[in-house]
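Structure, as structure tokens:
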Amino acid sequence: MNKLTSMRHWPSPANFSMSRANMGMQAAINARRDMTAQGPPPIAAPTAPDGPIHYSFNVPFASDLAGPNTEDILHATTDAVLRWTHPEDVPDDVPVHDLPVHAMNLGQLRQLCREITSNSMPIEANVISTSPKNVRGQVTTVCLSGAPELVQQTRETVLNHTPLSLRCTTVVVDGHLVANLSEGVLKKSVTDFLDETSVFCGVDIFLLGPKLTPLAGGLNGDVDLLRDQRWRVAIYGDYLSSEHAKTRVLIHIDQLLGRVVDATTFDPSMHQLLCGRNRKNIKLIESVTNTAIYFPPPFSGCYRYCPPNAQRRDPSKVLITGESPQAIEQAKFRIHELLTRIRLFVKDVTIPPAKIDSILLSRMDKVRKITEANGAFIMFPPLGSRKGMVRVQAVENLHVERSLRELMALVGQFYTASWIFMQPDARQPGNQDIQPMLGDICANSDADVSFDRQSFIITGSDESVKDALMVISQCKFAVHAPYQIRVKIELANEHKEFVSGKKNGKINKIMGHSNVQIMFDNFGEYNFNIEVIAQAYDSLKQGLALVEQEMPASISFHVPDQYHKRIIGIGGQHIQRIMKKHSVFVKFSNAMDRGGMGREDDDSRVDNVICRTPARNAQNLELVKSEILEMVDRADSEFTSQVVSVDRLYHRQLLTRLPEIEELERTWNCKIVFPSTEQASDEVTVTGPQWLVPKCIDEFLGMVPDKHEIVFERSSPLIKYLESPEFVQTIAPKLKAQYEVELTVHENPEERAEDGSPTVTLLWTFTRNNAGGLRDAMEFLQTQFATAGVEPVIIKGAIPRPKSDTFEESLPFFNSKLLQHAPAPVATDSPTRPSFGEEVARERSILACLRKPGSMSSISSFLDRRKNSSQSAANFFKGSSNVSKSSLISIESTRSFNADRNPWNDSGVNLPDDDGNPWGPGPSFVNGIDKLAVPQPGDATPRHHPRQSADSGRPSTSHSTNSGYPGPLAGPFR
């Protein structure tokens, strides 16, 4: 392995610099001298105190995390219902942070602080819980008093013995895998496994029924409910414990599907490098071997908390499931073969420990994106350890540099401030008053604050530090005595001249206007510090705001390299005109700037145009972007991303067709990214030009099969027609040719009508991109039934017609025989948008059977006495339907087969015989056609819901009006 520890002289990748790149140390020193403020020099920053200090910080409990709805619970592990639901006798408006689990965590923290205070070490620890007006939920603050070293050690102890940032992670599972649906009982092996996993990992687990998702649409904002037919396993716990339990559940689901499980072990620092950029390497191995590879959660070495009596997952063990032991061995061989070919590049960087802790507590989602995008591993020190060395390693120096620059940009989001007292003041509060004051500052700002009788030291995000300074300025003792305030901002070296201006003109103007001093110092390899110093809070507030307005605001996007010359123009005339017009600097980066030609395809889609301007002019960034993209052909226009929902278990079948997917990517110039196996997500991301992404998605969904069943009551005319040569040789082939839907007929003995009579099932199979043709195909078949004189009775599976866009809802206000309202919506069994009707009642009856005492003895005594503080979707969204009120009664209504129809009325609404009976019987006609409610030429046009997308107005595809293709059937149908 080629191991490099210093990369200072490596070529800088994608360096969108606006000044001299890689400024030398001597130049940095000279620049600092140039920036020396006029007037007397500022006093030196205070040294670390030798005496006792007071330190306060917030503990991120995630006390706003609510438990599941008790109506959805089918099984819960031991005491999970007690911890995550409220007793029945509590008021309805009880806050979420009063849940027993949050109260228990707060009590354990108080007990830990009491033990720390009562031991032999000279340290005092107290807990303060408040509910500030500007903060949602409850804020818990720990206040420490003692020697600086002991205070830092105690803070580390508290953070590593407390369940931080509780979360709920969900795994979906087919109901037949966990329950015997015909008997209405859960499988004992499944419930025993969930109970065992709960104890082993230290989490609470709930098995929940199918989820109803409210979907707003239509001209009147009507709300439909989309039912996901899969059940849910909800896991509650801290980050590492919940991820451990989630992986065990996913492995168990694979075992229920008949897959074999094995494991391999190698160093955790090599996991991300093995996966490659955007997990490209590992997806290739999974596609070739048809396996699923589960990596441990990243950054597990940074967090030391483990629930009592629980076991942590081995951070070096990688679990593999496959169809056979031979497939797993082949995956292991490919993994180790790939490991032997990795060239390792390593680089260390120093970051202030306080900022490392802030990143570990609040920015790890962004760090994870950095590592996945660059295929790099970032090793942080443990939380609260006060160590400042961070190591980055990757397979190329280019990726190491990219990761470091993005990480250091993340560090710049945190400020450090100090409020220094120039001379001692007898009016300073005593020890009894200091801790409540610090707790109030922390609760209202979310910053870490320390006080040592000489100064306040504040660390946190930019807004947190500014809020803390504002709270301190309201303390009388802090402003009565002479004081000085210092705020330190960290910024990338290449932005130095951007902020300072020519000959430091911007900074000199700010210092003269707001009576502050500004210094540039501590130039490192990547960042430098801007220090704003003032003798009064108002001056600092004004000066800091002016400095922040000069900070760079930027936007980056992708433009294919072949358009760069066209945009720049001869001698740069085009781009110069745009830059002068909007006061925005534009920088282009070609393939050579990004590290040379011949790199992997991912580099061809990275952002290669950056527009930068002072923050006060940020509103012009979008104008510049739109003006540049006007010079790009529509096929290569703005790159965007869209999410497609595909069942996660079907991802494995899609990955086996990876060559087809790669050809699809080349055809449409798009990138299709699957989620990691351990994420267990249905979301597939498609990235590319905004005009080509819908076409790519349409062709991609053509690889995803779907199906829908309609169950009819068995009758002799129906069976005779379905077995007739006309149906077999004409109707079925026409459905395939015209609507891209295949229809097969079969009988399921388990499907029975309400009276126990047998049924017949029509199975419609299609691909997801042709889901919109299902409704048209079903209407065509209904027309053929009417022509043949067949009157089928639908048991379940009917799809309602969408509401029309007429003014039907205003008809009740007109007393006219010609303007009558349609009947009330009827229930439907639609697999796409079911109402609160027969289907929901049937599902509830199944869930009620599963909830009987014999099947869930662990919680049956609690469900009737406990309730959740969060309201269910049914409380907010009443029984709406997707049946058109102005059109004929939809096909699934039994009234459709018994209502009389006037053939001379082409309005689509039956006229009444008299005012007293507007829906009375009309004349009867031959062949029963009037009873089938065949659509007439005057029927109202079905209304399609508008696209709900954040894709900058991207047009819909030719097959679907919905963006993202959510659910098993992208409804509503046309």
Side-chain angles (χ1 to χ4, degrees), residues 31-47 49 352 354-355 412-425 427-428 437-438 441 444-445 447-491 495-496 498-501 504-522 527-551 614-616:
R32 184 186 183 281
R33 290 172 180 171
D34 292 341
M35 296 303 301
T36 302
Q38 298 177 356
I43 65 172
T47 59
K355 295 187 177 183
Q413 298 179 7
F414 300 96
Y415 287 4
T416 302
S418 56
W419 188 298
I420 307 167
F421 297 103
M422 308 293 290
Q423 60 187 23
D425 190 353
R427 290 173 292 185
Q428 289 187 359
M437 179 187 67
L438 294 182
I441 296 173
N444 287 278
S445 67
D448 292 1
V449 184
S450 67
F451 179 70
D452 61 358
R453 294 294 175 185
Q454 295 180 1
S455 64
F456 288 97
I457 306 296
I458 309 161
T459 58
S461 65
D462 49 359
E463 293 299 328
S464 298
V465 170
K466 289 187 286 187
D467 291 343
L469 289 174
M470 181 189 67
V471 177
I472 294 175
S473 69
Q474 298 172 358
C475 301
K476 294 182 179 181
F477 84 94
V479 296
H480 282 172
Y483 62 92
Q484 183 185 82
I485 309 176
R486 291 168 169 257
V487 177
K488 190 173 292 187
I489 306 171
E490 196 165 346
L491 194 63
H495 300 324
K496 183 262 176 186
F498 183 89
V499 176
S500 63
N504 304 325
K506 293 182 179 180
I507 294 302
N508 289 332
K509 185 176 180 180
I510 293 174
M511 290 193 296
H513 183 74
S514 57
N515 194 25
V516 297
Q517 294 174 296
I518 300 175
M519 299 179 61
F520 289 7
D521 61 359
N522 293 340
N527 289 4
F528 72 103
N529 291 327
I530 303 175
E531 195 164 15
V532 183
I533 307 169
Q535 309 298 324
Y537 171 73
D538 291 336
S539 298
L540 178 109
K541 182 178 179 181
Q542 182 184 20
L544 183 60
L546 292 175
V547 171
E548 288 180 332
Q549 289 182 6
E550 298 300 331
M551 301 277 281
R616 53 184 163 79

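As a basis for the values below, the full set of heavy atoms in this structure was taken, side chains included, without hydrogen atoms, waters or symmetry mates. Keep in mind it's a predicted model, so treat the numbers as computed, not measured.
Relative ring orientation between F451 and F477 is described as perpendicular, the plane-to-plane angle rising above 60° on a 0-90° scale split at 30° and 60°.
Side chain of K506 to backbone of F498: a donor-acceptor contact under 3.5 angstrom is found. No donor-acceptor pair under 3.5 Å is formed between the side chain of S418 and the backbone N or O of I457. Checking side-chain atoms of N529 against main-chain N and O of E531 turns up no donor-acceptor pair under 3.5 Å.
In summary, of the residues considered (F456, W419, Y537), a ring-ring contact (aromatic ring centres under 6.0 Å, His included) with Y483 occurs for W419 alone.
Evaluation of the salt bridge (Lys or Arg N to Asp or Glu O under 4.0 Å) test over residues 456-465, restricted to residues two or more places apart or in two chains, returns E463-K466.
For the pair S514 and S539, the tightest heavy-atom approach, listed with the atom from each and the gap, is O-CB, 3.4 Å.
Residues F528 and D521 fail the side-chain proximity criterion, which asks for heavy atoms closer than 4.5 Å. Within the 4.5 Å cutoff, the side chain of E490 has no heavy atoms near those of the N522 side chain. Under the 4.5 Å side-chain criterion, counting only non-hydrogen atoms from C-beta, L546 is not in contact with V516. Residues I458 and I472 have side chains in contact (heavy-atom distance under 4.5 Å, counting atoms from C-beta outward). Annotation: side chain of K541 is not in contact with side chain of M470 (no heavy-atom distance under 4.5 Å).
Judged as a salt bridge (charged side-chain N to carboxylate O under 4.0 Å, His left out), and not counting sequence neighbours, K488 has no contacts.
In this structure, CG in D538 is found 7.5 Å from OG in S473, a value given to the nearest 0.5 Å. Residue I530 holds its CD1 atom at 5.0 Å from CG of L491, rounded to the nearest 0.5 Å. Note that CE of M511 is 10.5 Å distant from CE of M519, once rounded to the nearest 0.5 Å. N527 contributes atom CG, which lies 12.5 Å from atom CD1 of I489 (distance to the nearest 0.5 angstrom). Here the straight-line distance linking atom CD1 of I518 with atom CD1 of I510 works out to 5.0 Å at 0.5 Å rounding. Here L544 contributes atom CG and Q549 contributes atom CD; the two are 10.5 Å apart, rounded to the nearest 0.5 Å.
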**Request:** Step by step, work out the side chain to side chain contact (heavy atoms under 4.5 Å, CB included) result for I533 and Q484.
**Result:** CA-CA 7 Å; I533 307 169; Q484 183 185 82; 3.5 Å; yes
